Amino acid sequence: MNFIAEAAAKAIKELYNTDVAAADINLQETRKEFQGQITIVTFPFTRVSRKSPEQTGADIGEYLKANVSQVEAFNVIKGFLNISIADSHWLERLYTDIVPDTFAAPQYNGQKVMVEYSSPNTNKPLHLGHIRNNLLGYSVAQILEAAGYEVVKANLVNDRGIHICKSMLAWQHWGNGETPESSGLKGDHLVGKYYVIFDKEYKKQIDALKAEGQTEEEAKKNAPLIKDAQLMLLQWEQGDEEVLSLWRTMNSWVYAGFEQTYKQLGVDFDKYYYESNTYLLGKDIIEEGLAKGVFFRKEDGSIWIDLTEDGLDQKLVLRADGTSVYITQDLGTAQLKYNDFGMDKSIYVVGNEQDYHFKVLFLILQKLGKAGADGLFHLSYGMVDLPSGKMKSREGTVVDADDLMAEMETTAKEHTEALGKVESFGEEEKSSLYHTIGMGALKYFLLKVDPKKRLLFDPNESVDFQGHTGPFIQYTHARIKSVLSRARGYTEDKIPVTTLASEERDLIVLLNRFPDTIQEAAVGYSPAIIANYVYELAKLYNKFYHEHSILQAEDEQLKHFRLQLSAASAKVIKKGMALLGIEVPERM
RNA sequence: GGUUCCGUAGCUCAGCUGGAUAGAGCAACUGCCUUCUAAGCAGUAGGUCUUUGGUUCGAAUCCAAACGGAAUCACCA
């Protein structure tokens, strides 16, 4: 709608002899209770017009009508100038922009971006919080790609550390050689089971020591199990073959399990990083920082950075014994990623509980003057809470990812069967439909909310299938496809329609906004913007569908026009949902 | 205690680069399937936008303070 802003700027120049940049003219959509599609707020210009808001609006309106061919009419209500754009302009948009296959196709912007997401620990299965992370990361990657970036999806697997040793140790003690095959358990669940066992036994030992008179703190340190776990970690770091071999075995179980879950979720990665390979990185960066005077060494030999001038604290970056801490690794990994891909931007999809960590990490990289440091971004999302509060894996109050997905499919099946529309479907088509709908409901539920906000999930209240939901949008798509298939073909030619019904015009106006919406979502790293847009589109299409007959339109030409409009709507719904990682069925 | 984030209808959320009478969905109530898929459409009801100040022609939106909630401030990751 740039031409309106430019014309309005010209109008102000000629009418009031004042220069206003077109970009400074605030255009908004006309509210639906008024005539027109575009509204200019005239209050800001009363200063230069020295007239009332009404008169100013009328002046500019007259000018636009006289000088801009697309402007057909206008009305002024208080300080609002509502402009009606001629239907010919909207039809032009439809046929030259929206209908062609190239609509909203990515235009490479010359930039490369890495999106790191998922980044699981290998000692327990994925839960609902990980699902939000995975869906966000995958969707943001799709959105950035659609916005013109070259995208690398990365997964940094936390496959080492004390937590994995805990699972390994418990398995050695109480596993009796159990394997995924022998137990029938998915590998990640099997390993998770031993993590829980470790914790239970560890607590028993703590209680026993406390009964002997030790304090809680002492007991936690002195329990034999935790000492064994620490010893095992040391052995792992020294390359003890027995420990390494068990570690490899158990990790391979977990990976097989994760792969299955990722497949169900429909997410994937271009590059895997493993902490077992990266945990020693970063030490050369510490040296570099010392040399540059960014870091300093304390008397005990530990190395720190002072961030008090930036409103933060002093932060340890290397222990006195020369071993890494979390941030040491992350410094090294950031460098490794940049060396591998040389990306312009690097997005970390990590929960907001790590806000402080990333603030520090990015600040350090900037102070070191690292290439790419300005392109770092922490996509910080809110935790998923249950009505009872936070999910805690040790207390068993987590919503397991695999269980939840299975439940969603079952619920989708029940809903669908109750509606009795799938009698003609084959078994394979049915089960694939249930998966599509169940995952659609879950994904949409999680993605429609602003990533920054915390999310409340009530396991007792099933995810809806009606209203502002994934299945509603999927249904709208299937509904359009059904009409299109009944039409047995339609012309691709431009139909010489002259006037549009209001629902038709509204649809074109909304479809026309899709490319801008993608950009907006990319800038804000927000799938929620896409989710809300697609919902609005589906809602509007259903209104159109209800108000106007397509196949029984007044004449052949109108019928073809409405079929084209319907096909365009289906296309945008499908593309929009794909940006969320949600599939859309041909029929349901 | 310091820092950061959040507070919109009974519930879940949009709206936040300041603009018209604050919008959806769920739940409740009312209509609409002999007509292209009723997982739909239309309607009724539901609001001190946490509170108080400030800036402004104009504030849910910006600023400040208070209240309420969350996270974080580890030689854990």
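By convention in this document, chain letters (A, B, ...) are assigned in the order of the sequence lines, proteins followed by strands, and residues within each chain are numbered from 1. These figures come from a predicted structure and were not determined experimentally.
At B/C36, none of the side-chain N or O atoms of A/Arg486 fall inside 4.0 Å of OP1 or OP2 (strictly under the cut-off). OP1 or OP2 of B/A39 has not a single side-chain nitrogen or oxygen of A/Arg587 nearer than 4.0 Å. Taking side-chain N and O atoms only, A/Lys453 has a distance below 4.0 Å to OP1 or OP2 of B/G7. Contact between the side-chain N/O atoms of A/Arg562 and the OP1/OP2 oxygens of B/C36 is not found at any separation under 4.0 Å. A/Arg31 has no side-chain polar atom (N or O) that falls below the 4.0 Å cut-off from OP1 or OP2 of B/A22. OP1 or OP2 of B/G25 has at least one side-chain nitrogen or oxygen of A/Lys539 nearer than 4.0 Å.
Across all strands shown, A/Leu456 has heavy atoms under 4.0 Å from sugar-phosphate atoms exclusively, and none from any base. Residue A/Phe43 is in base contact, counting any heavy-atom pair closer than 4.0 Å across all strands shown. At a threshold of 4.0 angstrom between heavy atoms, the contacts of A/Lys421 include nucleobase atoms, whether or not backbone atoms are also involved. Within the 4.0 angstrom heavy-atom criterion, base atoms lie near A/Ala478. The residue A/Thr39 sits close to a base: some heavy atom pair falls under 4.0 Å.
Nearest to the side-chain atoms of A/Val449 among the listed nucleotides B/C13, B/A77, B/C41 stands B/C13. The side chain of A/Leu551 lies closest to B/C36 when the candidates are B/C36, B/A77, B/U21. Counting only heavy atoms from C-beta on, A/Phe472 has its side chain closest to B/C41 among B/C41, B/U37, B/A77. Set against B/A24, B/G19, B/C75, the side chain of A/Leu316 has B/C75 as its closest nucleotide. Closest contact between the side chain of A/Met588 and the listed nucleotides B/A39, B/C41, B/C75 involves B/A39. Checking B/A77, B/A39, B/C36 against the side-chain heavy atoms of A/Phe465 singles out B/A39 as nearest. When distances are taken from the side chain of A/Asp464 to each of B/G19, B/C26, B/A77, the shortest belongs to B/C26. For A/Asn542, whose side chain is taken as the heavy atoms from C-beta onward, the closest listed nucleotide among B/G19, B/C41, B/U37 is B/C41. Of the listed nucleotides (B/U72, B/G40, B/U21), B/U72 has the atom at the smallest distance from the side chain of A/Glu353. With B/A24, B/A14, B/U37 as the choices, the nucleotide that has an atom nearest any side-chain atom of A/Tyr535 turns out to be B/A24.
Taking the charged nitrogens against the carboxylate oxygens, A/Lys559 and A/Glu556 do have a contact shorter than 4.0 Å, which makes a salt bridge.
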Identify all side-chain donor-acceptor contacts of residues 520-529 of chain A below 3.5 Å with residues at least two apart in sequence or on another chain.
| residue | atom | partner | partner atom | Å |
| --- | --- | --- | --- | --- |
| A/Ser526 | OG | A/Ala528 | N | 3.4 |

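Geometrically, A/Arg160 engages A/Tyr279 in a cation-pi contact defined by less than 6.0 Å to the ring centre and at most 45° from the axis.
In this structure, B/C57 is classed as anti because its glycosidic torsion departs from zero by more than 90°.
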Q: Could you please spell out the steps behind the side chain to side chain donor-acceptor pair (under 3.5 Å) verdict for A/Asn123 and A/Ser167?
A: CA-CA 6 Å; A/Asn123 63 325; A/Ser167 298; 4.9 Å; no

Q: For ring-ring contact (aromatic ring centres under 6.0 Å, His included), just list the numbers for A/Phe465 and A/Tyr475, CA-CA rounded to whole Å, side-chain angles, deciding distance to a tenth of an Å, and then say yes or no.
A: CA-CA 10 Å; A/Phe465 284 66; A/Tyr475 167 77; over 10 Å; no

Q. Checking ring-ring contact (aromatic ring centres under 6.0 Å, His included) for the pair A/Tyr16/A/Phe45: CA distance, chi angles, key distance, verdict?
A. CA-CA 9 Å; A/Tyr16 312 126; A/Phe45 310 123; 8.3 Å; no

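Between A/Tyr535 and A/Tyr444, the ring centre distance reaches or exceeds 6.0 Å.
With a 3.5 Å limit on both pairing distances and Watson-Crick or G-U wobble geometry required, the stems of 3 or more pairs in RNA chain B span B:1-7 with B:67-73, B:10-13 with B:23-26, B:28-32 with B:40-44, B:50-54 with B:62-66.
Residue-nucleotide stacking is not present for A/Phe80 and B/G19, judged by a side-chain ring centre under 5.5 Å from the six-membered base ring centre and planes under 30° apart.
With sequence neighbours excluded, the residues that form a salt bridge (charged side-chain N to carboxylate O under 4.0 Å, His left out) with A/Lys430 are A/Glu427.
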